[in-house]
Amino acid sequence: MLFLLYILLLSLCHRAPAIRLPSNNSKTPFLLRSKASRDSETMATKEDVQDPRIPKIASSIRVIPDFPKPGIMFQDITTLLLDTEAFKDTIDIFVERYKGKGISVVAGVEARGFIFGPPIALAIGAKFVPLRKPKKLPGKVISEEYSLEYGTDKIEMHVGAVEPGERAIIIDDLIATGGTLAAAIRLLERVGVTIAECACVIELPVLKGREKLGETPLFILVTSDAA
Amino acid sequence: MSRNKQEEDPRINGIKTKIRVVPDFPKKGIMFQDITTVLLDPKAFKDTIDLFVERYRDKNISVVAGIEARGFLFGPPIALAIGAKFVPLRKPKKLPGETIFEEYELEYGNDRLEMHVGAVEAGDRALVVDDLIATGGTLCAAINLLERVGAEVVECACVIELPELKGRQRLKGKPLCMLVEYR
């Protein structure tokens with residue numbers, strides 16, 4: 001019964017029909033609208049299945065108004081990192097989801113993806129691959145451009161870090177417009193890697209980042225209407 | 001000042017062989033110590049973390065401060081394993097809340113390291129983590145930031161030391177633990 005509920009909610013939330021990761025875990029955590037959001041919650045349905053660890057994680061995230069510029073409500077995860085239980089729970093939820101699923105690569109987007117990615121990689125026995133801003137990685141790199149509000153930016157990965165046929169997850173602290181994650185997906189797919197899922201702590205659904213990810217599913221712990 | 005190198009541990013050699021040296025990066029003459037190849041080897045990465053965790057788990061460390069960005073790769077796993085909070089020390093303008101900063105010297109000019117106000121409290125026992133110690137300038141700035149808010153810096157921990165740059169002498173008397181030397 002719980003499994004059927006999971007499938008229903010997954011198809012509602014992911015839009016992409018394919019379920020990439022079979023889950024044995026009937027306690028698969030689901031979305032909780034962040035209490036940190038200034039705007040009132042709108043769409044928490046009665047069917048939302050909540051991992052009991054999620055509320056504490058959500059409440060440990062600090063919202064900073066007008067950073068980096070006026071009008072933006074910045075989701076600050078550094079306060080989550082100060083809460084040892086919330087940080088551990090965050091990692092545990094991701095590890096429970098990805099352990100034993102044939103994931104050999106955890107790719108983390110600089111810099112906050114570096115905080116969450118390595119603990120997950122270590123716990124599931126995968127390698128960690130940093131995806132970095134230009135000119136940070138020594139040695140030979142491949143790069144992928146993506147659009148910003150004004151102009152473009154690039155992310156880079158070491159040549160040879162991953163091999164064709166590997167299965168990867170991509171980690172960042174937050175998905176906003178989805179530009180960076182979409183670039184990360186393209187970068188890994190160019191070298192023959194399959195992305196099983198993108199995983200973020202926070203989503204800002206109003207920015208529709210999920211739509212940029214194409215067929216790649218997105219897993220998140222907390223959503224915020226603040227954007 | 002004690003020299004804390006895990007000389008006997010058989011895991012050290014495995015880690016050392018995974019570090020890739022990239023010549024002339026970021027500029028000519030520099031032999032860059034690339035730890036990304038350690039991260040590609042789950043056993044070597046795990047061993048690196050385990051060695052630090054074994055050293056610090058019973059030392060009542062309440063804060064692990066990691067220096068952006070490669071300190072973020074090693075600091076959080078250590079913090080999680082020993083039950084300490086993780087505090088990122090960042091380049092200017094990255095941290096969103098109220099910050100304090102410490103300036104330090106580069107070869108040409110200065111740079112700054114920032115920390116969030118309130119992240120660390122007086123009386124916290126802190127570990128500072130980075131992938132590598134070269135001149136020790138960044139680590140010294142990190143120690144200063146932590147001491148200014150009343151924390152006690154117990155030790156600095158780095159995967160790699162470049163001993164010829166004498167960074168160890170710039171740590172305000174704090175001990176350094178490293179795993180691999182590169183001469």
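Residue numbers start from 1 in every chain, and the chains themselves are labelled A, B, ... in the order their sequence lines are given, proteins ahead of strands.
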Chain B heavy atoms under 4.5 Å from A:L82: which part of the residue, side chain, backbone, both or neither? both

Shortest non-hydrogen pair, B:P76 vs A:F87, comes out as CB-CZ, 3.9 Å

Measure distances from A:F67 to the heavy atoms of chain B and classify the residue's part below 4.5 Å as side chain, backbone, both or neither. side chain

Correct closest heavy-atom pair for A:P130 and B:T36 would be CG-CG2, 3.9 Å

Less than 4.5 Å to any heavy atom of chain B: does that hold for the side chain of A:L137, its backbone, both, or neither? both

Under 4.5 Å from any heavy atom of chain A, what part of B:L95 do you find: side chain, backbone, both or neither? both

Would you say NZ of A:K136 has more than 12 non-hydrogen atoms from neighbouring residues, nucleotides or ligands within 6.0 angstrom? yes

Need one label for B:A84: side chain, backbone, both or neither, based on atoms under 4.5 Å from any heavy atom in chain A. backbone

So do A:F128 and B:P42 actually touch side chain to side chain, heavy atoms under 4.5 Å? no

Within a reach of under 6.0 Å around NZ of B:K59, are more than 12 heavy atoms found that belong to other residues, nucleotides or ligands? yes

Heavy-atom distance under 4.5 Å to chain A: side chain of B:K43, backbone, both or neither? neither

Quick check: are there more than 12 heavy atoms from other residues, nucleotides or ligands sitting under 6.0 Å from CD of B:E54? yes

For the CD1 atom of A:I115 and the CD atom of B:E68, what is their distance to the nearest 0.5 Å? 9.0 Å

Taking only residues two or more places apart in sequence or in another chain, which ones pass ring pair (Phe, Tyr, Trp, His ring centres under 6.0 Å) with B:F52? none

Is any residue of residues 18-32 of chain B within less than 4.5 Å of chain A by heavy atoms, and which ones? B:R20, B:V22, B:F25, B:F32

Interface check, chain B: of A:G117, A:A121, A:P118, most non-hydrogen pairs under 4.5 Å belong to A:P118

Quick one: side-chain hydrogen bond (donor to acceptor under 3.5 Å, both in side chains) pairs with a partner in residues 114-128 of chain A, sequence neighbours left out? A:K127-A:E166

Side chain from CB out, backbone as N, CA, C, O: work out which of these in B:L80 comes under 4.5 Å of a heavy atom of chain A, or both, or neither. side chain

Looking at B:K93, I'd like to know if its NZ atom is crowded, meaning that more than 12 non-hydrogen atoms belonging to other residues, nucleotides or ligands lie closer than 6.0 Å. no

Got a second to check how far A:R132's CZ is from B:R70's CZ, nearest 0.5 Å? 6.0 Å

Grab the two heavy atoms, one from B:A69 and one from A:E110, that are nearest each other, plus how far apart they are. CB-OE2, 4.4 Å

Heavy-atom check, side chain of B:L40 versus side chain of A:H158, under 4.5 Å: no

I need the contact set between residues 111-149 of chain B and chain A: heavy-atom distance under 4.5 Å, sorted by residue number. B:H116, B:A119

Which answer fits B:P96, side chain, backbone, both or neither, if we ask what part of it has an atom under 4.5 Å from a heavy atom of chain A? both

